[in-house]
Amino acid sequence: VRHIKCDAPIAIVDLIAGFSDHDRARELLELGSVYVNDQRITDTELIVTRGSYVRIHLHPRRYPQPTDLLSRVHQET
């Protein structure tokens, strides 16, 4: 987990990419692994303001869910 206090406005993707790359930054945002001022953020276009507190879970325990779960059901009992 990374904790950052922003000293200047910056795009959230660029901030996260400082610890990873832009593709991984977008993935972490989509998973809900990024918090700004204790609020979960998923907006990849967000500009973080000066003084904001950002928490990034670089190894989240969340994983993308399959889009079609019913197709994975083999048999109901």
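Treat the numbers as computed from the prediction; the structure is a model and nothing was measured.
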Heavy-atom closest pair, residues Ala25 and Ala17 | CB-N, 4.1 Å
side-chain contact (heavy atoms from CB on, under 4.5 Å) with Val13: which of Arg24, His22, Glu45?
-> His22
Contact check, side chains of Phe19 and Ile4, non-hydrogen atoms, under 4.5 Å | yes
Val54 vs Cys6 side-chain heavy atoms within contact, under 4.5 Å = yes
Find out whether Arg2 and Leu58 are in side-chain contact, i.e. whether some heavy atom of one side chain is under 4.5 Å from a heavy atom of the other.
-> yes
His3 atom NE2: more than 12 heavy-atom contacts under 6.0 Å | yes
Test side-chain contact (heavy atoms from CB on, under 4.5 Å), reference Leu46, set Leu29, Ile12, Val34, Leu15, output is Ile12
Pick out which of His57, Arg55, Arg40 makes a side chain to side chain donor-acceptor pair (under 3.5 Å) with Tyr35.
-> Arg40
Value for CD1 (Ile16) from CD (Glu27), rounded to nearest 0.5 Å, stands at 11.0 Å
Say you draw a straight line from CD1 of Ile47 to CG of Asp14; how long is it, rounded to the nearest 0.5 Å?
-> 8.0 Å
So, Lys5 side chain and Ser52 main chain: donor-acceptor pair closer than 3.5 Å or not?
-> no
Taking the side chain as every heavy atom from C-beta outward, state whether Leu28 and Pro60 have any pair of such atoms under 4.5 Å apart.
-> yes
